[in-house]
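In what follows, a structure is listed as structure tokens, so that the remarks can point back to it.
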Amino acid sequence: MSFPQPDITPLSAPFWEGLKAGQLLYQQCQSCGHRWLPAREACPCCLKRDVAWQPAGGRGRIVSWVIYHVAYNDAFKHRIPYDVTLVELDEGPRLLTNIVNGDAGRKLSLHAPVCLEIGQEGDLAVARFKLI
Ligand SMILES: [Zn+2]
């Protein structure tokens with residue numbers, strides 16, 4: 001079974017195109033400065049629609065994680081156990097990801113510094129991170 005594909009919309013396309021080009025992008029409100037992921041049409045803080053994409057530096061910290069010991073999708077059967085980790089970028093936005101060198105969770109710790117490592121799933125570039 002192949003890797004599940006995201007529903008790429010005109011709203012989210014810059015995020016996926018950025019990864020394909022080697023860069024993680026987040027959205028920032030041009031009115032109040034708030035930053036976030038995933039893509040939204042309006043700022044979740046002030047609700048204004050003056051939104052711009054910004055490049056992330058690629059560094060962040062682990063906020064939380066879970067370890068999957070059951071594959072709820074056949075595409076992940078050969079990966080278990082694997083982590084699903086919440087990373088907070090240095091710029092503030094958070095995203096769900098995987099830690100490529102976390103040894104299925106055994107090396108993960110709260111606030112551990114991580115850096116971006118873009119992975120490939122077929123034609124899809126995905127944002128993953130590695131422990132520094
Ligand atoms: Zn705002």
Side-chain angles (χ1 to χ4, degrees):
M1 183 169 224
S2 62
F3 190 81
Q5 297 297 299
D7 184 19
I8 299 175
T9 65
L11 177 63
S12 68
F15 175 82
W16 298 106
E17 290 166 5
L19 288 173
K20 191 175 261 186
Q23 199 157 45
L24 175 60
L25 303 177
Y26 61 85
Q27 287 184 307
Q28 183 170 21
C29 177
Q30 300 304 289
S31 180
C32 75
H34 187 69
R35 303 165 177 170
W36 67 88
L37 279 172
R40 300 171 58 120
E41 290 186 6
C43 173
C45 189
C46 73
L47 303 180
K48 293 189 176 157
R49 293 179 174 262
D50 189 8
V51 172
W53 288 96
Q54 301 291 341
R59 300 268 178 149
R61 294 191 179 273
I62 292 176
V63 173
S64 185
W65 70 93
V66 295
I67 305 300
Y68 278 62
H69 295 275
V70 174
Y72 294 99
N73 183 308
D74 285 346
F76 298 105
K77 275 185 177 174
H78 68 286
R79 299 176 192 221
I80 55 174
Y82 65 92
D83 70 285
V84 175
T85 299
L86 182 63
V87 164
E88 183 174 277
L89 300 175
D90 286 354
E91 293 86 354
R94 292 178 171 187
L95 70 160
L96 287 171
T97 183
N98 310 111
I99 305 299
V100 297
N101 61 346
D103 197 18
R106 286 184 285 276
K107 294 182 179 176
L108 304 186
S109 62
L110 190 61
H111 306 303
V114 293
C115 66
L116 178 67
E117 182 166 300
I118 295 175
Q120 283 295 136
E121 295 291 346
D123 292 337
L124 184 70
V126 294
R128 293 192 173 120
F129 287 80
K130 64 181 176 185
L131 295 166
I132 297 174

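Note that ligands are numbered from 1 as they come in the structure, with each ligand's atoms numbered from 1 the same way.
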message = Cys115: which residues meet the side-chain contact (heavy atoms from CB on, under 4.5 Å) condition with it, sequence neighbours left out?
response = Arg59, Lys130, Ile132
inquiry  = With ring-ring contact (aromatic ring centres under 6.0 Å, His included) as the criterion, how do Phe76 and Phe3 come out once you've worked through the C-alpha distance, each side chain's angles and the decisive distance to 0.1 Å?
reply    = CA-CA 8 Å; Phe76 298 105; Phe3 190 81; 5.7 Å; yes
ask   = Excluding waters, how many protein N/O/S atoms sit closer than 2.8 Å to the Zn ion (ligand 1)?
value = 4
inquiry  = Quick one, Cys46 and Cys29 - any side-chain contact, counting heavy atoms below 4.5 Å?
reply    = yes
inquiry  = Once you measure the plane-to-plane angle for Tyr68 and Tyr72, does it fall in the parallel (<30°), tilted (30-60°) or perpendicular (>60°) bin?
reply    = perpendicular
note = Exactly one of Asn98, Ile67, Leu108 clears side-chain contact (heavy atoms from CB on, under 4.5 Å) with Thr85, and that residue is Leu108
query = Between Glu88 and Arg35, is there a salt bridge with N-O shorter than 4.0 Å?
reply = no
